[in-house]
Structures are given as C-alpha cells and as structure tokens.
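Data block below; observations after.
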Amino acid sequence: MDQNEATSASIHGLRIGDHAPDFAARSTTGDVRLSDFRGRWLILFSHPADFTPVCTTEFVELARMAAEFERRDCALMALSVDSLFSHFAWLRMIRDRFGVEVRFPIVEDPTLVIGRAFGMVAPQDSDSATVRTTFFIDPAGTIRAMTCYPANMGRSIPEMLRMLDALQAVDAQHGLAPANWQPGDPLLKPPSQKLDDVYAARDASAWFLGEAGKARRK
Ligand code: BEZ
C-alpha cells in the first residue's frame, strides 16, 4: 500500500489515489477536456451558484492569487450548474465591481453529469447545486487530495496554496508533511518499519529528513 492508498475517505465514491474521471465541457475559456491538463497540476473545484456572496469572494481572491498557482505550474478549473452565459455575466460583474479578471475556465454543468461523477452534488440534495468540493489532481491525473466545504463557508485560498505546496514538496523530497507544515519547513521521513530503528532514534529530531534532522539533533 502506498501513502496515497492509505485513506478510505471518499467524496461520494472518489478516493485519494483514484484517477480523476475525464470529461469534456464548455467553459468560459472555450471547450475544455480534463485530460488535456495532464502534465500539470490541476485544482478542479465546484461552487454552489454564480452571483452568490461567498462564491464571489472566493473567485475574487482566486483571481487575485492566480499568478501564485501559475508559478507552481497548477491550472485552476471551476464548475457549477449555471449556464455559460450566467458565468460570463458574473465574471463581468466581478471585473466591473472588484477590478479583477477571472481568466481560468469555469465549466457549465447544467445536467450535473460532471458534478455527479465527482461527487460534487449531495445525492439527497433537492436544489441540485454543487457543494464546495476541491480536487487536487497531480500531473499524472491522480486525485491527491480533496476537500468539501459547506455552502455557507468560503475556502481559504492560502490553504489551497499550502496544500499544493505540501503535495509538491512530498513528491520532490519523498517525505511527509507534518502538522502545520509551511513551505520551507522540513519534511518528515516515512515512519520506521523496523523496531531496531525505532529504538535507535534518540529523539524526535530523527524523524526529520536530511539536514533539518541533523540540525535538530545538535
Ligand atoms: C454563497 O456563495 O454566498 C452561497 C451559495 C449558496 C448558498 C448560500 C450561500
């Protein structure tokens, strides 16, 4: 079992380690296909409805932080049940009122066929809106993390960036990100598999990778 398989949590059937289901759809930047994003990180996220207050704050902040995602070679793709023309009108309102342009694609999913495939719609929901799910998809198309927030609470954009940074760091350094990890902090070694290694570790400094572990032991 690798570390991606170590969870059984799922959002309506999709689990960490699963391949993200492919789809093609219309979006505010033209036709998009999920598999066209292979080779880059992708954050695919759903929102309940265009023009609503919390969603608007999320999109304004994401547009303001778009260069930070780009710097990490990570594309953004949003999705809701609203029509393409609703998305356009909302983006114009955001530009006119907040002075920022949302340049990442917002997919229309009027039949919820994509939303249901990704578990973005609670099956018992009567209003057929998507909830605030976020999927972190790696360059191979594997779902590496996912979050689900209620309609009445907006996502933290710095936390989305921190999760992306952590996922990229654990891949690059083959380590584990401890609680409250921030970019630049040391990573942990994978846990010992042998009792002798456990007994040989003098203190928690032995848990850290590389120089950080050495520095902490001094
Ligand atoms: C909002 O984004 O403000 C929102 C969306 C759906 C339900 C409640 C609030």
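Just follow the structure's listing: the first ligand is 1, and inside any ligand the first atom is 1.
The backbone N or O of G115 sits less than 3.5 Å from a side-chain atom of D109, completing a donor-acceptor pair.
Of all the atoms in ligand 1, the ones that sit under 4.0 Å from a non-hydrogen atom of C55 are 1 (C), 2 (O). Interface atoms of ligand 1 facing A151, defined by a heavy-atom separation under 4.0 Å, are 4 (C), 6 (C), 7 (C), 9 (C). Residue R132 has at least one heavy-atom neighbour below 4.0 Å for each of these atoms of ligand 1: 1 (C), 2 (O), 4 (C), 5 (C).
Geometrically, ligand 1 and P48 share no nitrogen or oxygen pair separated by less than 3.5 Å. Note: an N/O pair closer than 3.5 Å links P53 and ligand 1 by distance alone.
Protein heavy atom closest to atom 3 (O) of ligand 1, with residue, atom name and distance, is V54 N, 2.7 Å.
With M77 as reference, F37 is the one residue of F104, F135, F37, F45 to meet the side chain to side chain contact (heavy atoms under 4.5 Å, CB included) rule.
For R71, the salt bridge (charged side-chain N to carboxylate O under 4.0 Å, His left out) partners are E68, not counting sequence neighbours.
Counting only residues at least two apart or on different chains, the salt bridge (charged side-chain N to carboxylate O under 4.0 Å, His left out) pairs with a member in residues 34-46 are R40-E70, R40-D73.
In terms of heavy atoms, R64 sits closest to F98 at NH2-O, 3.8 Å.
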